[in-house]
Every structure is written in structure tokens, then in C-alpha cells.
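All of these numbers come straight from a predicted model, not from anything done at the bench.
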Amino acid sequence: MTAETPAAPIDERDAAMTELLGIRSSIDNIDAALIHLLAERFKFTQQVGRLKAEHGLPPSDPEREKRQIARLRALAEDAHLDPAFAEKWFNFVVAEVIRHHEELADSNGAEGL
């Protein structure tokens, strides 16, 4: 081996790239699982939205949302995840759920005309 072509740094870089690909594969699998879990969650929230619309209940439930935020922040802390991030995620999801519930309420009101 010559001084111009050191083997160790190239071998270390190849090993790092192999490890990186493995880690990214795990991340991709988790992302897929999250998408499927969100889809399942939204199936249930659609059921909630239909019930609320059929019975004239408001699309949002601020008291439940407060309890959920506190619960998710505690879960995040236990999981060593930033609680503020967990709360932001929840608020993002809830905003979408409420939007769906409002659409269901509007369509239910239109059907009653």
C-alpha cells in the first residue's frame, strides 16, 4: 500500500455509509408505520365527527384537548422526547381533525334542509 491511498479512512467511510443506510432504512420503516397509525387514528376521529354532527355537538372539545396535551407531554418526557414537540404535533393533528368535524357538521346541516 502506498502513502497516497490510505486504506483505513476509506474502509471507515464505507463502514459509516453502510451503517447510515441501515439507520435510514429503520427511519423509513418507522415513517411508514407512523403514516399507517395516523390513518387508523383518523378513521376513529371520523367516527367521532359523524357522531358529533348527528347529535349537534361542537366540533372541538377544548377540555379534552387540554387533558390530552398534558397526557402527551408526560408521555413525551418519559420517552425522552421534547414535550413541546409532542404538543405541537398534537395541535397540528387536532386542527386537521376539527376541520374534518366542521365539514361533517356543515354537510349534516345541509342534509337537514
Practice item. Carefully, step by step, assess Glu40 and His36 under the rule side chain to side chain donor-acceptor pair (under 3.5 Å). Key: CA-CA 6 Å; Glu40 282 298 305; His36 288 282; over 6 Å; no

Measure the spacing between [atom1] of [X] and [atom2] of [Y] and express it to the nearest 0.5 Å.
X     : Y     : atom1 : atom2 : answer
Ile69 : Asn91 : CD1   : CG    : 4.5 Å
Arg13 : Leu20 : CZ    : CG    : 10.0 Å
Asp82 : Arg73 : CG    : CZ    : 7.5 Å
Ile23 : Thr18 : CD1   : OG1   : 11.0 Å
Glu12 : Met17 : CD    : CE    : 14.5 Å

Review point. Same hydrophobic cluster for Ile98 and Trp89, using side-chain heavy-atom links shorter than 4.5 Å among ILVMFWY?
Key: yes

**Study point:** Transitive ILVMFWY side-chain link Val94 to Val48, under 4.5 Å
**Key:** no

Check your understanding: Between Arg67 and Glu63, is there a salt bridge with N-O shorter than 4.0 Å?
Key -> no

Review point. So, Arg99 and Glu102, do they make that salt bridge, N to O below 4.0 Å?
Key: no

Check your understanding: Any idea which heavy atoms bring Ala86 and Leu72 closest together, and the distance?
Key -> CB-O, 4.1 Å

Point to revise | Which atom of Glu65 lies closest to which atom of Phe90, heavy atoms considered | key: O-CE2, 3.8 Å

Check your understanding: Taking it one step at a time, do Gln46 and Leu104 satisfy side-chain contact (heavy atoms from CB on, under 4.5 Å)?
Key -> CA-CA 9 Å; Gln46 287 292 330; Leu104 286 167; 3.5 Å; yes

Check your understanding: Taking the side chain from Ser25 and the backbone from Leu21, do they hold a donor-acceptor pair closer than 3.5 Å?
Key -> no

Review point. Distance-only, no hydrogens or angles: does the Lys52 side chain make a donor-acceptor pair with backbone N or O of Leu57 under 3.5 Å?
Key: no

Practice item. Check the pair Glu96 / Thr45 against side-chain contact (heavy atoms from CB on, under 4.5 Å), numbers first and verdict last. Key: CA-CA 10 Å; Glu96 186 67 11; Thr45 61; over 6 Å; no

Practice item. Could you please spell out the steps behind the side chain to side chain donor-acceptor pair (under 3.5 Å) verdict for Gln68 and Arg71? Key: CA-CA 5 Å; Gln68 283 294 91; Arg71 185 178 79 82; 3.1 Å; yes

